[in-house]
Structures are given as structure tokens and as C-alpha cells.
Amino acid sequence: MTLRQLLLKKGYKRIKLIRTATNHLELKATINSTEGTFILDTGASSSCVGFEAVERFQLLAEDSNVKAAGAGATDMLTQLSSKNKITIGKWAYKKLSLVLFDMTHVNSALLAHDAEPVNGIIGADVLKKGKAVIDYKSMCLYLK
């Protein structure tokens, strides 16, 4: 039995990943009925969306005292948005909290390496909730 057969038999949903020019893993996800492009980041504790995408994804933002850090930037101001619906492939979750922050540095780095900008990052919170399995050989994410 293959990994794919085993996971599908156990009720997992299969999502195809795309390897970018920067060697990141990218996927399409829908937040509050609007599709976007996201980097899959196992090292990010929380899923994030850029401030510029707040209206696009119909997010209700609240100020936060939490400072974000990552990808060479530290002490970035954040906001939080809770109770969002996310759909990745055929997998869905209705109570997703998102960290909102300035993703300019992330997208600038992607553009500098001939990769397309993204709307956000799918982090360990979603991966944990979906009991994620990443199959690097087949470039697929499985969520349950």
C-alpha cells in the first residue's frame, strides 16, 4: 500500500504543492470564500496574512501586543483576526485565527528571486489542526 492510499483510506485530503523558484512550498487556500496564494512554512507557529490582504479576505482585525519575527525581520507590529474559515483543497476549518503583519519584506525577497508574491503563510497551527503529513517526494500535503 502506498502512502497516498494509506492516508486517503484514513480520511486525509490530498493537496498538491508547488515548489517555487526560491524552493519554498506553495499552495492555494481560500479564506472566507476568497482564494489566495500561501507559502507552507512548518517553522511558522501561526498562519499569517499581510496587512494589504485584510479587505481581500474580509478579515476583522484587532490590535495585538504580540510582535512578529521571521525571515530577517523582528519586532514587527501585528494584528489578530479570529474565527476565519479556511479551505485548502477539500479540507476546511471554521475557527482559524490569523496573525496580520507587514509582509513587504517576504514578498520583496520572493520577487528578488523571480518568484511570485504571496498573500500569506500557512503555519504549524493549521498543520497541527489538520494532522498534516507532507510527502516531499510527491509534493503533496495531506490534511485530516
Side-chain angles (χ1 to χ4, degrees), residues 1-20 22-111 115-144:
M1 180 177 289
T2 66
L3 176 64
R4 179 180 181 173
Q5 291 169 331
L6 175 70
L7 292 173
L8 293 176
K9 183 178 177 181
K10 291 188 175 268
Y12 279 80
K13 308 298 182 200
R14 181 176 180 265
I15 299 108
K16 194 75 179 149
L17 298 171
I18 300 160
R19 186 181 307 273
T20 68
T22 55
N23 224 15
H24 288 96
L25 300 181
E26 194 175 87
L27 55 85
K28 299 289 185 192
T30 302
I31 296 178
N32 302 329
S33 303
T34 302
E35 186 178 82
T37 304
F38 295 82
I39 288 175
L40 181 65
D41 187 348
T42 61
S45 56
S46 300
S47 294
C48 310
V49 169
F51 285 136
E52 68 283 348
V54 168
E55 284 185 33
R56 174 189 175 121
F57 294 116
Q58 304 155 32
L59 303 174
L60 298 175
E62 301 171 5
D63 287 335
S64 168
N65 292 327
V66 175
K67 302 283 188 201
T74 58
D75 290 333
M76 295 180 289
L77 295 175
T78 65
Q79 292 183 313
L80 295 177
S81 178
S82 55
K83 298 180 183 171
N84 297 289
K85 181 180 180 187
I86 186 168
T87 305
I88 305 173
K90 293 183 179 176
W91 181 85
Y93 179 62
K94 294 181 180 175
K95 297 179 188 173
L96 179 67
S97 291
L98 292 164
V99 174
L100 310 174
F101 74 104
D102 183 357
M103 288 192 51
T104 304
H105 69 287
V106 173
N107 283 321
S108 294
L110 291 171
L111 288 168
E116 294 296 316
V118 296
N119 301 112
I121 297 165
I122 301 298
D125 55 343
V126 168
L127 299 177
K128 184 177 177 183
K129 181 57 70 180
K131 299 177 179 149
V133 175
I134 301 172
D135 181 351
Y136 288 94
K137 183 178 179 186
S138 299
M139 292 297 295
C140 292
L141 168 67
Y142 292 89
L143 297 172
K144 186 172 184 179

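We number each residue from 1, following the sequence as shown. Reckoned from all heavy atoms, side chains included, excluding hydrogens, waters and symmetry mates.
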field: N107 side, atom CG; D102 side, atom CG - distance, nearest 0.5 Å
entry: 9.5 Å

query: To the nearest 0.5 Å, how far apart are CD in Q79 and CD in E62?
result: 9.0 Å

task: Determine, stepwise, if the pair V49 / F57 fulfils side chain to side chain contact (heavy atoms under 4.5 Å, CB included).
output: CA-CA 9 Å; V49 169; F57 294 116; 3.9 Å; yes

statement: The side-chain hydrogen bond (donor to acceptor under 3.5 Å, both in side chains) partners of Q5 (sequence neighbours excluded) come to T2

task: Please assess W91 against V126 for the test side chain to side chain contact (heavy atoms under 4.5 Å, CB included), listing each intermediate value before the final yes or no.
output: CA-CA 11 Å; W91 181 85; V126 168; 3.9 Å; yes

message: Take a 6.0 Å sphere around CG of L111 and say whether it holds more than 12 heavy atoms from other residues, nucleotides or ligands.
response: yes

Are [X] and [Y] close enough that some pair of their side-chain heavy atoms sits under 4.5 Å apart?
X    : Y   : answer
V99  : L80 : yes
L127 : L40 : yes
F38  : I31 : yes
I39  : T22 : no

Name each donor-acceptor pair under 3.5 Å that joins a side chain in residues 130-139 to protein atoms two or more places apart or in another chain, with its distance.
| unit_1 | atom_1 | unit_2 | atom_2 | d |
| --- | --- | --- | --- | --- |
| D135 | OD1 | K137 | N | 3.2 |
| D135 | OD1 | S138 | N | 3.2 |
| D135 | OD2 | S138 | OG | 3.2 |

For N32 against Q58, the heavy-atom pair lying closest together: ND2-O, 3.6 Å

K144 side chain vs K10 backbone, donor-acceptor pair below 3.5 Å: yes

Report all side-chain donor-acceptor pairs from residues 116-125 shorter than 3.5 Å, counting only partners two or more places apart or in another chain.
| unit_1 | atom_1 | unit_2 | atom_2 | d |
| --- | --- | --- | --- | --- |
| N119 | OD1 | T37 | N | 2.8 |
| D125 | OD1 | S47 | N | 3.0 |
| D125 | OD1 | S47 | OG | 2.7 |
| D125 | OD2 | S47 | N | 3.1 |

